[in-house]
Amino acid sequence: MTVMEQRGAYRPTPPPAWQPRTDPAPLLPDAEPYRVLGTEAAAHADPELLRTLHARLVRGRRYNTQATALTKQGRLAVYPSSTGQEACEIAAALALEERDWLFPSYRDTLAVVARGVDPVEALTLLRGDWHTGYDPYEHRVAPLSTPLATQLPHAVGLAHAARLKGDDVVALAMVGDGGTSEGDFHEALNFAAVWQAPVVFLVQNNGFAISVPLAKQTAAPSLAHKAVGYGMPGRLVDGNDAVAVHEVLSDAVRRARGGGGPTLVEAVTYRVEAHTNADDATRYRGDAEVETWRRHDPIDLLERELTDRGLLGEDAARAVREDAEAMAADLRARMNRDPELDPMDLFAHVYAEPTPHLREQRALLRAELEAAAEAESGNEPGTGTGPEGTRR
Amino acid sequence: MTVMEQRGAYRPTPPPAWQPRTDPAPLLPDAEPYRVLGTEAAAHADPELLRTLHARLVRGRRYNTQATALTKQGRLAVYPSSTGQEACEIAAALALEERDWLFPSYRDTLAVVARGVDPVEALTLLRGDWHTGYDPYEHRVAPLSTPLATQLPHAVGLAHAARLKGDDVVALAMVGDGGTSEGDFHEALNFAAVWQAPVVFLVQNNGFAISVPLAKQTAAPSLAHKAVGYGMPGRLVDGNDAVAVHEVLSDAVRRARGGGGPTLVEAVTYRVEAHTNADDATRYRGDAEVETWRRHDPIDLLERELTDRGLLGEDAARAVREDAEAMAADLRARMNRDPELDPMDLFAHVYAEPTPHLREQRALLRAELEAAAEAESGNEPGTGTGPEGTRR
Amino acid sequence: MTTVAAKPATMAQALTRALRDAMAADPAVHVLGEDVGALGGVFRVTDGLAKEFGEDRCTDTPLAEAGILGTAVGMAMYGLRPVVEMQFDAFAYPAFEQVVSHVTKMRNRTRGRMPLPLTIRVPYGGGIGGVEHHSDSSEAYYMATPGLHVVTPATVADAYGLLRASIASDDPVVFLEPKRLYWSKDAWNPEEPAPVEPVGRAVVRRSGRSATLITYGPSLAVCMEAAEAARAEGWDLEVVDLRSLVPFDDETVCASVRRTGRAVVVHESGSFGGPGGEIAARVTERCFHHLEAPVLRVAGFDIPYPPPMLERHHLPGVDRILDAVGRLQWEAES
Amino acid sequence: MTTVAAKPATMAQALTRALRDAMAADPAVHVLGEDVGALGGVFRVTDGLAKEFGEDRCTDTPLAEAGILGTAVGMAMYGLRPVVEMQFDAFAYPAFEQVVSHVTKMRNRTRGRMPLPLTIRVPYGGGIGGVEHHSDSSEAYYMATPGLHVVTPATVADAYGLLRASIASDDPVVFLEPKRLYWSKDAWNPEEPAPVEPVGRAVVRRSGRSATLITYGPSLAVCMEAAEAARAEGWDLEVVDLRSLVPFDDETVCASVRRTGRAVVVHESGSFGGPGGEIAARVTERCFHHLEAPVLRVAGFDIPYPPPMLERHHLPGVDRILDAVGRLQWEAES
Ligand SMILES: Cc1ncc(C[n+]2csc(CCOP(=O)(O)OP(=O)(O)O)c2C)c(N)n1
Ligand SMILES: Cc1ncc(C[n+]2csc(CCOP(=O)(O)OP(=O)(O)O)c2C)c(N)n1
Ligand SMILES: [Mg+2]
Ligand SMILES: [Mg+2]
């Protein structure tokens, strides 16, 4: 039985007999973002989940500040911080089972690390020693990569393939509010809905695409409202409420896993830092707005709940901080070592086997490097290793 | 004052203070396609409009059958007939003022002709003597062209430009159900909504994209439901009810003209013929379905109404048929003359001025043609004019 | 296996057979694209596959080329071997970002951990009276993108063999199918297809001593005809069919040019920035002292592809090829 | 007009000035792209334009490159003269279909009735330590697409003059801005910019007798340095800056090569199917009997652009150029 047969093939009917192909009502998001923390529902939240989320968020925040500091020291080419968005990053990783797949956007290093990828390997792209530092198959995390929204169809294809193979695998794909404007967003959601692929799309609406505010990005009531146009449910959630995001994503993952098809989740959050360390946010927004959002900080929200319920003692809080500091210290130490690089790697993986043409170019580079090494050992050492520095 | 300021710039607010940026309710389409003919509302329809629509639809149908016949005679390379969809084609053209612009999809020759373009010039692309036969500025009709959905952003840009210049101009852009899956559809609708550009998007949902039925194209409740995701109203209409389509499009045009922004209209119709003369529709659909739709024919629907109300006498009906036959006879006669072609035109309009490189190539072709002409006049005539036939 | 005598088959039939055999041999092979299912593709190349292997193996997709290729990337990431059909050359452009930014970079990006064995079939070129946007030769774009193989058959047997090899390749392949050869026929035995070799070898289709015509795909037949006609002028032309633009078979091409000392590259694609520039440049770099004349190019003009009624003026024909051969400075020899 | 003494300006500043002057001179000129408004673009090239001309003249668009270019096409159809900014080379690919299927074809399609005077600004090339997808050289794609002009400045003064000329052109122009030259400085008087000539003329940046280096954009400075270093080897190199790849100035290039008898094409873009093949082929076609050696190419390798820490091995440097010059068969001369 094919995918289409399962769902009953649509046959066009003239308007006298017309009816909507799916009921739109359940697909529409609620008018307000779903929240747990600060509401009565919070009382029912599992204490263990609250503690785990809290520890992971604190660790995540520390990772962000450490990585930003490393850019100042020249150890990273660039870092797009997710400070303020940690609830989304961590919840996305935690909502998945080990066998599932994560498709991050370029900003989602934190989700990648939360999924289990080595914190240093997750930074390879931004450090600049290679494009992807980790084996995507080890933790089932697609490569971090910058072309926006292009990872979304990949997630759909992978989830579809897994389903065709009979594997119980869900893909969670992340994208920013800006990325929703790209054609790839549209095509991915449409394919996912038509194929009923087990995918969850998480849009982090952090208010900006670099300098462009949401009002110049869309006129929609919410980004979650886009879902109905594909025939999938749209869910709106407070992106700074880790418990709420975790719940909404877990529901969507469960739905996908059960054959219910894809879901679009919009998490309303805010990019508290500049776009990257290279950006100057004062050019396009004022402090007041940032301040409003700092008062809705995802870690604060969690801590308030934990403290109110007496779930975070002095010792536990210290342990969380120490764990985060240890991670940061390790990251610093390892990032302060220069990576070992072999320029010949440039030719190693362009094809399964280099073409004759590439073999020629590889030989040229090898000859240059050998000549340079000779010149260096024979003459003054330390004149650099690039072609420019080595001739004479 | 800029476009954005007029609309009040959105500023991100944390979820405690969150509210939808637009009210989604009025954007959602009705559950049933809007109909007039065959309902009580038909009694209020303007007799003059009914008669005009009828005459134009009959003429349109005749154009379709004539053009299809011309393909059989080898006078057209290909023809995608809009038989069964004439109500959409004609209503689209009639809903516009002269100063407005029409952006047709490749199937919409009929709308182009209904807009005033010469029936022969409208066929240039499909006849193959050039790409576009008419001057787009004469009747404000964008070139008929095949890459699907790519005309939609053009329409948005043109409407936006007109608005910036202070001109009272609306653009109506047509696309098929298949075309809604393209990224360009998404990007165009989003730009239009953000810019509040005076555009109307008309989707002719004719059930198929070549062989692919709608169920494999989308899982949405209707294509009109896509509108809410852009923050524009979606309207669903019986695409075989010329009066209903005309009314819905006229409303949307009026709204756009008044500064109310874009509208997405889905007209539910059916492609009664094969995709083009070259297609074999029996491979992917049965006769029964086609029959259901033939019983909901747009011309029949109109004629029933006109007859019921005594608005179409014997003489008037004959006049309508004769007018259509005269048009067809003229089309036949003119299409049966070989167009006059000058191969040197290939170089005339690539740039404002040919580059030196193109001048060289132009000289080569000219020399070849001159040699061929000489050979032909000197030797046996009639050996063809192409480079292949002329050397010896 | 019973031996079936070779009888005429079209290139389209050979391609269908290649897809079918590849799908039968490897359950990881999935075909997807617009109208590839019930219709069998607008050129009928996927005819019967959905019926034989089911719609999950041969899938009609929504109408969105970036989506088709983008989901195929995801499928390949999960271990499938997708074969994507782009309906026409010009309709592959929406998928260009996926080609350049992911298809060709995934293996390298992940140091070989995530290869993308996928084949992108693109009917290409003119000569079929197609209206605007139905006759593009887009090989220059793909050639200039490292990480792809670019393959194009010129014969019925190669259509089978090269498509099988492309699907079997662990690298992404753009497989360019010359539209105007779809209905060309050749004696070919589907039960005994030539052994499937990896792509990358050009072949000498006609031996000659005077000059070499270097060509591929839709222009091979024209070159063979030109070589025949050239005998009347006293020229004995060699014809090399590249079969793949990437990998490029310098060895076969240069061996021929060193023998003949003269060469003309022939293709439909525009000449400026087209394949011929690369070919002429690399042949010249490698054979400079064997050349009696510059390597010339006979190509489409550098204009948007003409409307059907004018395309014959654009396409490289026998006369234009012979004119170029005539300019190969024959006096210099004597 | 008061005369202001020439003082150092960056290429980015000259580009900003060109946009500002073009907008002031012609109300039809509109700038649009991602972050071009309040932010002034990620390279600050549109700095101040939204403030001076309003957001309707310098507009932050939604994040969708095909949408940006597609709407710009519509704006040009209505008589505006849009200048589109693509944020980085690799992020122009989503707009590729609009470039190939409409931008370059509208004038021809309509027999000149609907010209599309629009400029697509693309920051391109490497050398700035950019992460993956931020260092592509995409000129080969645009060169192979008839109907476009392809322009790229190598000096501060040219950045101003060529951008003004491109915006003034009635044809669509892809204007490639070498990222690594944005902060390069040169004495330049914004009040007395060089007269704006139409694009299409190459210029000899350094005269020499031994061999010609043919280059453009980001590689000009490297070639000038190489020419300086070559003096130690006894070579007196001429350097030609193409300034536009389309139109291509055969006259200036061939005059130089005929004088020197030897040539090397230098660019960052990959060599296979890259600009150098076309250039080498056409120079050879036109100057064959003047050539002492084949025209050689020094280019980026045919690999995905490397990560920042390895890019110096990829980019053509002085030594690689001198090595190529050394292979120009100098023995043959004596
Ligand atoms: C296709 C593409 N276009 C442009 C860019 C340049 N760019 C990088 S990040 C960014 C903004 C992204 O905004 P959003 O999607 O909201 O994600 P956020 O940065 O807020 O996480 C832009 C325009 C890109 N990376 N890819
Ligand atoms: C970008 C693009 N992809 C593919 C095609 C080939 N093609 C031509 S018509 C067609 C089907 C279009 O379906 P739809 O949009 O529903 O319009 P209809 O034919 O029903 O009027 C296809 C796939 C094309 N013209 N453009
Ligand atoms: Mg954002
Ligand atoms: Mg349709």
Side-chain angles (χ1 to χ4, degrees), chain A residues 1-5 101 103 125 130-138 142-143 145-147 149-165 167 169 171 182-184 186-188 190-195 197 345-358 360, chain C residues 27-28 30 32 37 50 54-57 59-80 82 94 97-98 100-102 104-115 117 146-149 169-172 198 200 244 246-251 282:
Chain A
M1 197 165 59
T2 72
V3 173
M4 293 313 306
E5 280 163 7
W101 273 79
F103 285 78
L125 173 75
W130 197 256
H131 306 296
T132 300
Y134 51 92
D135 179 350
Y137 292 105
E138 195 183 337
S145 177
T146 61
T150 54
Q151 72 279 16
L152 304 181
H154 302 172
V156 176
L158 182 136
H160 178 60
R163 182 144 163 270
L164 292 181
K165 283 194 171 183
D167 295 348
V169 166
E182 289 281 3
D184 272 17
H186 178 68
E187 301 188 10
N190 190 43
F191 275 65
V194 170
W195 286 348
D345 284 358
L346 291 176
F347 296 96
H349 303 293
V350 182
Y351 298 96
E353 292 293 330
T355 58
H357 173 78
L358 272 191
E360 287 179 14
Chain C
H30 282 241
L32 61 165
E55 288 189 34
D56 285 344
R57 294 283 303 281
T59 310
D60 279 336
T61 64
L63 210 169
E65 293 76 10
I68 298 170
L69 188 56
T71 50
V73 166
M75 291 165 75
M77 287 168 79
Y78 202 75
L80 298 187
E97 181 187 28
Q98 287 288 348
V100 179
S101 294
H102 291 299
T104 55
K105 294 193 164 57
M106 195 66 86
R107 171 190 286 277
N108 183 65
R109 175 185 298 155
T110 59
R111 293 182 184 274
R113 285 153 173 162
M114 192 170 252
L148 273 185
H149 287 174
S169 166
D170 286 334
D171 288 309
S244 66
V246 184
F248 191 88
D249 186 355
D250 288 306
E251 207 181 302
R282 59 194 303 115

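Bear in mind the structure is a predicted one, so any value in this text is a computation, not a measurement.
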TODO: For chain A, find which of C/Met77, C/Arg109, C/Glu251, C/Met75 contributes the most heavy-atom pairs closer than 4.5 angstrom.
DONE: C/Arg109
Open item on the list: Does the plane of the ring in A/Tyr351 sit parallel, tilted or perpendicular to the ring in C/His149? Use 30° and 60° as the thresholds.
Closed with: parallel
Open item on the list: Testing the basics here: between C/Ala66 and A/Asp184, what is the closest heavy-atom pair and its distance to 0.1 Å?
Closed with: CB-OD1, 3.6 Å
Task: Closest non-hydrogen atom pair between C/Thr110 and A/Pro143, with its separation - done: CG2-CG, 3.8 Å
Task: Flag if over 12 foreign heavy atoms under 6.0 Å of CD, A/Glu353 - done: no
- [ ] Write down the atom of C/Gly70, the atom of A/His154, and the distance for their closest heavy-atom approach.
- [x] O-CD2, 3.3 Å
TODO: Would you mind checking which part of C/Arg282 comes under 4.5 Å of any heavy atom in chain A, side chain (CB onward), backbone (N, CA, C, O), both or neither?
DONE: side chain
Open item on the list: With a 4.5 angstrom heavy-atom cut-off, is it the side chain or the backbone of A/Ser145 that approaches chain C, or both, or neither?
Closed with: side chain
TODO: Would you check if there is a donor-acceptor pair between the side chains of C/His102 and A/Thr150 at a distance under 3.5 Å?
DONE: yes
- [ ] Please flag which part of C/Thr59 lies under 4.5 Å from any non-hydrogen atom of chain A: side chain, backbone, both or neither.
- [x] side chain
Open item on the list: Need one label for C/Ala72: side chain, backbone, both or neither, based on atoms under 4.5 Å from any heavy atom in chain A.
Closed with: neither
Open item on the list: Testing the basics here: between A/Pro356 and C/Phe248, what is the closest heavy-atom pair and its distance to 0.1 Å?
Closed with: CG-O, 4.5 Å
Open item on the list: Rounded to the nearest 0.5 Å, what separates atom NE2 in A/His357 from atom CG in C/Asp250?
Closed with: 8.5 Å
- [ ] Could you look at A/Glu182 and say if it's the side chain, the backbone, both or neither that has a heavy atom under 4.5 Å from chain C?
- [x] neither
Task: OG1-CG distance between C/Thr71 and A/Leu152, expressed to the nearest 0.5 angstrom - done: 12.0 Å
Open item on the list: Is C/Pro115 close to chain A through its backbone or its side chain, or both, or neither, when contacts mean heavy atoms under 4.5 Å?
Closed with: neither
- [ ] Examine whether an atom of A/Asp135 lies under 4.5 Å from a heavy atom of chain C, and if so say whether it belongs to the side chain, the backbone or both; otherwise answer neither.
- [x] both
Task: A/Tyr134, part contacting chain C, at a heavy-atom distance under 4.5 Å - done: backbone
Task: Proximal component of A/Leu346, with respect to chain C [non-hydrogen, under 4.5 Å] - done: backbone
Task: Euclidean distance, A/His349 NE2 relative to C/Arg111 CZ, rounded to 0.5 Å - done: 6.0 Å
TODO: Test side chain to side chain contact (heavy atoms under 4.5 Å, CB included) on C/Asn108 and A/Trp130 and set out the steps.
DONE: CA-CA 10 Å; C/Asn108 183 65; A/Trp130 197 256; 3.8 Å; yes
TODO: Starting at NE2 of A/His160, measure out to NE2 of C/His30 and round the result to the nearest 0.5 Å.
DONE: 7.5 Å
TODO: Taking C/Asp171 for its side chain and A/Ala352 for its backbone only, find out whether a donor-acceptor pair lies under 3.5 Å.
DONE: yes
- [ ] Select one option (side chain, backbone, both, neither) describing which atoms of A/Ala155 are under 4.5 Å from chain C's heavy atoms.
- [x] neither
TODO: Against chain A, label C/Ile68 side chain, backbone, both or neither, depending on which of its atoms sit under 4.5 Å from a heavy atom there.
DONE: both
Task: Minimum-distance pair of heavy atoms, taken over all atoms of A/Pro153 and C/Gln98 - done: CG-NE2, 3.7 Å
Task: Top contributor to chain A interface from C/Ser101, C/Gly74, C/Ala28 [non-hydrogen pairs under 4.5 Å] - done: C/Gly74
Task: Minimum heavy-atom distance A/Pro147-C/Glu97, with the two atoms named - done: CB-OE2, 3.7 Å
Task: A/Ala188 portion near chain C, given a 4.5 angstrom heavy-atom threshold - done: neither
